[in-house]
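What follows is a single structure, written as structure tokens, with notes after it.
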Amino acid sequence: MDPVRNPYAPGAGQRPPELAGRDRELQQFEVVLERVARGRPERSMIITGLRGVGKTVLLNAFRSMAIQRLWGTGKIEARPDQSIRRPVASALHMAVRELAPRHRAPDRIEGFLGVLKAFAQAGEEPAGRTAKARAHRWQPGIDVPAARGRADSGDLEIDLTELFVDAASVATDVGAGIALFVDEMQDIPADDVSALCAACHELSQNGGPLIVVGAGLPHLPAVLSASKSYSERLFRYARIDRLDRDSADVALLAPAEREDVTFTKDALDALYGAADGYPYFVQAYAKVVWDVAPDTPITADDIKVAAPEAESELAVGFFGSRYERATPAERDYMRAMAMLGDEGDTPVSTASVADELGRKPSSLSPARDGLIKKGLIFSAERGLVAFTVPHFGKFLRSQPA
């Protein structure tokens, strides 16, 4: 069939042609937006799940919903060992710029931008900066003087709380809200997580129309709970997973039928078996199947022909690229996990991994910690680890030792 008309879109955070199986989460966020708009108390929202289940896609869909309501929005992607001070400043700058044309008092906007600029510049300077260089430190592209005495103490918890309160006040002036979207939220440094939770806690108490919407790996709730004991009451949590059979079929059929193409039931059975309902895999297999199928309807035989190519692409781009980031010791650790896990890649105990490798658990801590930092595994609970990528164990078991 014509590859130009291929509707399927496997990609990092790329919205699929049919966002199937996420109606519950979209409805939950609609309720959050509506309650905040009416001045009702509402918690910020956290989405968790393995890689490839569509967290970033859903985060972007939430942002589109907020924009449709004329909210100010900004988005950041957290990175390990990088403070969120400057990314948050840039995101809130964008959000307030979206609200500014509707504000009747330009001096209020300028006043907030002055606070925002002071907040952005209040953090620690990179090592090696001289005192003279500090006078010309990073500028956030705001053409107003930095304010003094507000959100500029250098203590992120104090500064972020004051900044959020001021931003929420600007949003209240125009009868709208502000939504800050944070992807890869589990990578925020521990002190910054604590500061973010404290700022959200203050907002929840005073009812300011600013929410934080985060997305991260399954252990994100534990990361938040470790920073502030009240975090489990601070956020509304939504765990997303693989699609059920009906939703996976919709994800395949809806875009195909818009191109006057369909699938036989046997083909749908085979595709669900291959992709296991994971949204990224559904798109990856469907894209290759479309390109190799001679005509409609797409059949189970077409799936058989396409499967090796789809699996090869996943092995290189989805699995292989992650495997290559690991050191030899880390690869040994992951292979041991794979040998212990089942087809569902369930969590395995760190003691079992040590037994498999014939090592003491303490001697494997550097490899385990390195894999966690690289986002290849996560600690499901104390003493247990699991892969962040679905079917990664299956991939490792297929690789030569």
Side-chain angles (χ1 to χ4, degrees), residues 46-56 58 78 80 183-188 190 193 214-227 231-232 235 237-244 273 275-281 314-315 318-399 401:
I46 300 293
I47 311 162
T48 64
L50 296 175
R51 301 203 183 279
V53 297
K55 300 185 300 298
T56 302
L58 195 53
D183 206 359
E184 302 293 347
M185 194 172 181
Q186 76 283 339
D187 286 338
I188 297 177
V193 169
L217 294 171
H219 66 296
L220 176 56
V223 171
L224 296 172
S225 181
S227 70
S231 67
E232 44 197 50
F235 298 101
Y237 292 96
R239 173 75 182 267
I240 62 173
D241 204 339
R242 71 189 78 187
L243 302 175
D244 60 30
D276 201 19
Y278 286 104
Y280 183 85
F281 296 166
L314 287 170
F318 192 71
F319 298 119
S321 60
R322 290 174 165 85
Y323 180 72
E324 292 299 324
R325 292 168 54 200
T327 66
E330 291 166 353
R331 292 176 189 177
D332 288 342
Y333 195 96
M334 290 193 294
R335 287 194 197 98
M337 287 177 59
M339 298 307 295
L340 293 165
D342 60 16
E343 289 297 317
D345 293 323
T346 54
V348 299
S349 73
T350 53
S352 297
V353 174
D355 288 343
E356 179 74 17
L357 293 172
R359 302 269 298 279
K360 292 182 178 180
S362 58
S363 70
L364 295 172
S365 294
R368 183 196 64 228
D369 294 346
L371 289 168
I372 291 174
K373 189 172 183 179
K374 291 174 181 176
L376 296 174
I377 67 173
F378 68 97
S379 180
E381 58 183 82
R382 187 172 181 83
L384 295 178
V385 288
F387 292 113
T388 62
V389 177
H391 290 193
F392 200 46
K394 181 180 178 181
F395 164 76
L396 290 170
R397 287 190 290 272
S398 70
Q399 300 303 298

Does some side-chain heavy atom of Val385 sit less than 4.5 Å from a side-chain heavy atom of Pro347?
no
When you measure from the side chain of Glu184 to the backbone of Ala78, do you find a donor-acceptor pair of N or O atoms at a distance under 3.5 Å?
no
Does the side chain of Met334 reach to within under 4.5 Å of the side chain of Tyr323, using non-hydrogen atoms?
yes
At their closest point, which heavy atom of Gly393 faces which heavy atom of Ala338, and how far apart are they?
O-CB, 3.6 Å
Can you check whether Phe387 reaches Leu396 side chain to side chain, under 4.5 Å on heavy atoms?
yes
Distance-minimising heavy-atom pair for Gly49 and Pro218
O-CD, 3.4 Å
Let me confirm one number: the OG-CG distance from Ser379 to Leu371, rounded to the nearest 0.5 Å.
12.5 Å
Just list the side-chain donor-acceptor pairs under 3.5 Å for residues 350-358, sequence neighbours left out, or say none.
residue: Ser352; atom: OG; partner: Ser349; partner atom: OG; Å: 2.6

Just say parallel, tilted or perpendicular for the rings of Tyr278 and His391, cut-offs at 30° and 60°.
perpendicular
Hey, is Glu330 close enough to Lys374 for a salt bridge, meaning N to O under 4.0 Å?
yes
Quick check for you: to the nearest 0.5 Å, what is the distance between Leu224 atom CG and His219 atom NE2?
10.0 Å
Is the NZ or CZ atom of Arg51 positioned over Tyr280's six-membered ring, under 6.0 angstrom from the centre and within 45° of the axis?
no
With distance as the sole test, does Arg335 use its side chain to make a donor-acceptor pair with the main-chain N or O of Arg397 at under 3.5 Å?
no
Residues passing the side chain to side chain donor-acceptor pair (under 3.5 Å) test with Asp187, sequence neighbours excluded, are none
Could you tell me whether a side-chain N or O of Arg322 sits under 3.5 Å from a main-chain N or O of Phe318, the two making a donor and an acceptor?
yes
Which pair of non-hydrogen atoms, one from Leu50 and one from Pro390, has the smallest distance, and what is that distance?
CB-CD, 4.0 Å
Minimum heavy-atom separation for Arg325 and Ser321, please, with both atom names.
CG-O, 3.4 Å
Given side chain to side chain contact (heavy atoms under 4.5 Å, CB included), test Ser398 with Phe319 step by step and report yes or no.
CA-CA 12 Å; Ser398 70; Phe319 298 119; over 6 Å; no
Are any of the side-chain heavy atoms of Arg382 and Leu384 separated by less than 4.5 Å?
no
Is any side-chain heavy atom of Ser225 closer than 4.5 Å to a side-chain heavy atom of Glu232?
yes
Could you tell me which residues satisfy side chain to side chain contact (heavy atoms under 4.5 Å, CB included) with Thr48, sequence neighbours excluded, listed by chain and number?
Ile46, Leu220, Pro221, Arg239
Would you call Arg331-Glu324 a salt bridge at under 4.0 Å N-O?
yes
Is any side-chain heavy atom of Ile377 closer than 4.5 Å to one of Tyr333?
yes
